[in-house]
Amino acid sequence: MKTRTLAALLAALVLLVAACGSDDDESAETETDDTADADAGTEADSGSDADSGSDADADEGADSDGSAGGVAGVDIDAALAADLDGGAEPPSGDPIIIGMAMDFGDVSGYADIPGSEAVSHLADLINCAGGVDGTPIEVQVSDIQGDPEVAAQVTQELLDGGAHVLIGPPFADIGESVLQVTEGEVPVFFAASTEPNLPDASINSFLVTFDDVAQATAAAEFALSEGFTRAITFSSPGPYFGTNPEIFTEVFEAGGGTVITDQTYVPVDDVDFSAQVNEIAGLADGTEVVYSAMLAFQITALRGQLEGQGLTDLTYLGTDAFEATGLLFEENNDGIYHTTHAFVEPGGRLDLLLKSYEEANGTPLESGTFAGLYADSALVGIQGILDCGCTDGPGIGAAVAQLEDFDGFTGPMSFAGTNGGPTKPVSLHRVVDGVDTLVANWE
Amino acid sequence: MTELAQNIVDGLGRGSIYALLALGIAVIFGVMHLLNFAHGELITITGYVAYAAFLRGASWFVIAPLVLGVAVVASMGIEQVAFRWVRGAPDFTLVLTSFGVHFVVEAAFLMYVSASVKNFNRPGWIADTVDAGGLSFEIFDLVVIGVTLVTLVLTSLLLQRTMFGLALRASAEDFDAARLMGVRSDRVIRGAFALSGALAGIAAIFWLMRAGQTTPGAGITPMLKGVLAALVGGLGSLRGAVIGGFALGLAEVLLRARLPDAIAGLTDGVVFLLIALLFIFRPGGFVTVSHAERV
């Protein structure tokens, strides 16, 4: 009897211990399952889960101070200090998945190729440094081949693969295809678009750049502050090439300046501006500022032709297209002003990221600025996940919409109070002796 | 009046490059009945050659002959690799093959070089002007016009006064009959591609001097301009190709300068409208060719 009682007690004890162990395991599983549930909700039935998540997240976001958030973000500096060759074990568990629907063609590849490489490298660094609170980052990159239909297909595949946030291609026409598939269920970040109509927080569409309104306004205000009263613009009807000069003109003339002529041209193609130059030669007195969103090789060709006609004192001011298309590699670029997204300060985070990439891969990234923007897109998405404490798309988006003074690689940006296009300073640069120099960060 | 004269010279300068491109397309169309949509790839290829040479410190005195030589070799290479295998195939097959070459070349540069713009210096004199009679002309335009005229004369002499020219013209008239008469078709076709490449090479030199950059898609615009000029001039006619090139260049510059500011942005649209009108009244272009194959 005693033996039986002892055996029964032992059995009870074993069961009790097993039950405790089981509890521990269950709690671990519960966390995992929660994540899985959230994922499932995102992919298939975000419905009520997503809504509740969203409300809670918004509250959490509001509670946090955003910027670096009441909730801690990725320790960027620690990640940049990570030694990829150190053999550190990457964190395990369900990863945060960043999907990248990228266009590697010659239209958008200038941004999407270095951008996707930068994000993958950043993920390696973060994982090497222990992940995001122990959670690994996984980056899935797919080529949309410059085709809206492929973009839609690729987006669906990324969603099916469990992407928690997406980074989209630069241009709005294809970006819309991505948004039509996500239907607001997953936040989409556009890292290289300045299209003012693309961001829409209500459908989880965010820019990580300032938009054309901001950069053209900054340029006009800068021109006025420099004492320019007469301007010549070069434009082409439509987004970007038309929008920027149009906004520049509005702001410049509202500030007391006059746009004496707006010349049209064919973006990307025109390198012979003879007809326009002949007309300008009869109008300009050499003291004006020339503003355009044309590409770098176009502005230098135009400048050469204007100077050939004796107009040697004009000041040239342009948009982020100048840097994107290699202004620094152009001859005849000295003194040209341009707005852009970041200044690669020696020893700064962006500089360290670029150096880290080059060290790891043996070749530099082709565009430091765009690399920074794409890396910021990933970081903003991760910050949204951390702030909401969830992985459902609407929840992440709601948290991102509350972000303030988020400081990544390209300067502080705030989404709170915007419709998805962050407020961030416009970096105004000037080429001096072949080197890009920072003139001002225009608020 | 002064501005009009300057516009005409500008238009002739631009049109000269179009004429050279159209001429190359017309030569190939003459012997193979191929509307070569891969012709612009010679600009792409030579653009990267110019970029590579520039990186190694080469000046345009080196780059220009290099571009010319590479264009000839590339043109013949494309014929050997792609078009040789579809000789005698239906026109549609030939056109599809040329599109295939275009996409392959573009993809190759995208994959193995870069999607980004690759810049190189323009010649220092490219924007210099010369004053004459109160007018200010770009030296570049004058050089382009002069070189083009010399090239056209030499091409004409080649076709009219040499055995190769005779064989080329005979092949264009009736390929099978020419073969029966002892014309070596292989040699004629290779020669046609070499000539077409040389014409494209000269055009490429000037195109690249102006552009100062290249991308994987750099050949699309010159290809379109060349094909358009060849069509406007009358496909299959060398004289027509030259006329088409000059007409297209003049139309672009004059319309851009003369259209009211409010619609100046629609210059390309107006050019295409004029071309559509031309085809309504002259479906064969400026010069009607009785046999489309005639060179």
Side-chain angles (χ1 to χ4, degrees), chain A residues 103-114 143 145-146 235-238 241-242 261-266 268-279 281-282 295-298 300-310 321 324-333 366-367 370, chain B residues 2-4 6-7 9-11 13-14 17 106-107 109-111 114-122 124-129 136-141 207-218 220-221 224-225 249 252-259 261-268:
Chain A
D103 180 3
F104 292 148
D106 66 338
V107 175
S108 305
Y110 71 92
D112 279 357
I113 292 174
D143 185 3
Q145 300 168 24
S235 68
S236 179
F241 302 107
T261 179
D262 175 48
Q263 297 287 321
T264 57
Y265 71 105
V266 182
V268 185
D269 276 347
D270 270 359
V271 284
D272 178 6
F273 299 93
S274 305
Q276 296 94 324
V277 167
N278 287 336
E279 195 174 329
L295 309 189
F297 59 86
Q298 293 185 299
T300 53
L302 170 64
R303 183 186 192 178
Q305 288 187 288
L306 285 167
E307 288 178 347
Q309 290 290 339
T325 52
L327 180 64
L328 287 180
F329 304 104
E330 286 279 320
E331 56 173 348
N332 201 22
N333 61 4
E366 281 199 321
S367 169
F370 285 105
Chain B
T2 303
E3 196 181 322
L4 177 62
Q6 287 181 334
N7 290 154
V9 173
D10 293 337
R14 187 181 294 196
I17 300 176
E106 182 173 344
F109 283 112
L110 265 173
M111 290 167 64
S114 169
S116 300
V117 174
K118 295 299 177 191
N119 314 75
F120 43 84
N121 285 355
R122 302 174 178 93
W125 51 271
I126 196 154
D128 291 350
T129 55
S136 181
F137 300 113
E138 279 193 347
I139 292 173
F140 179 79
D141 282 332
W207 190 281
L208 296 170
M209 280 180 171
R210 265 280 196 226
Q213 56 85 29
T214 193
T215 63
I220 293 173
T221 301
L224 287 175
K225 302 289 185 184
E252 284 183 359
V253 173
L254 288 173
L255 285 171
R256 175 60 197 75
R258 300 288 148 181
L259 284 175
D261 285 348
I263 59 167
L266 303 175
T267 299
D268 277 359

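Residue numbers begin at 1 in each chain, while the letters A, B, ... track the order of the sequences.
With a threshold of 4.5 angstrom between heavy atoms, B:Ser136 approaches chain A through its backbone and through its side chain. With a 4.5 angstrom heavy-atom cutoff, A:Thr300 touches chain B via backbone and side-chain atoms both. Contact annotation for A:Asp272: both backbone and side-chain heavy atoms come within less than 4.5 Å of a heavy atom of chain B. Looking at A:Thr325, both its backbone and its side chain come within 4.5 Å of chain B, counting heavy atoms on both sides. For a residue to count as touching a neighbouring chain, one of its non-hydrogen atoms must lie under 4.5 Å from one of that chain's; by this rule A:Val107 does not touch chain B.
The residue among A:Ser274, A:Ala324, A:Gly242, A:Gly304 with the most heavy atom pairs within less than 4.5 Å of chain B is A:Ser274. Comparing A:Ser108, A:Gly109, A:Gly310, A:Ala275 by how many heavy-atom pairs each has under 4.5 Å with chain B, the most go to A:Ala275. Among the candidates B:Val253, B:Thr267, B:Thr221, the residue making the largest number of heavy-atom pairs closer than 4.5 Å to chain A is B:Thr221. Of the listed residues (A:Glu307, A:Gln298, A:Glu279, A:Arg303), the greatest number of heavy-atom pairs within a distance under 4.5 Å of chain B belongs to A:Glu279. If you tally non-hydrogen atom pairs under 4.5 Å between each of A:Ala296, A:Pro237, A:Ala301 and chain B, the highest count goes to A:Ala301.
Formation of a donor-acceptor pair under 3.5 Å by the A:Gln276 side chain with backbone atoms of A:Thr264 is found in this model. Between the side chain of A:Asn333 and the backbone N or O of A:Leu327 there is at least one donor-acceptor pair closer than 3.5 Å. Here the side chain of B:Asn119 pairs no donor or acceptor atom with the backbone of A:Glu330 at under 3.5 angstrom.
Side-chain atoms of B:Thr215 and B:Gln213 form no donor-acceptor pair, as typed in the model, at a separation below 3.5 Å.
Taking the six-membered ring for Trp and thresholds of 30 and 60 degrees, A:Tyr265 and A:Phe273 have ring planes inclined between 30 and 60 degrees apart.
Annotation: side-chain contact (heavy atoms from CB on, under 4.5 Å) contacts of A:Glu366 (sequence neighbours excluded): B:Ser114, B:Ser116, B:Lys118. In this structure B:Glu252 satisfies the salt bridge (Lys or Arg N to Asp or Glu O under 4.0 Å) test together with B:Arg14, B:Lys225, sequence neighbours excluded.
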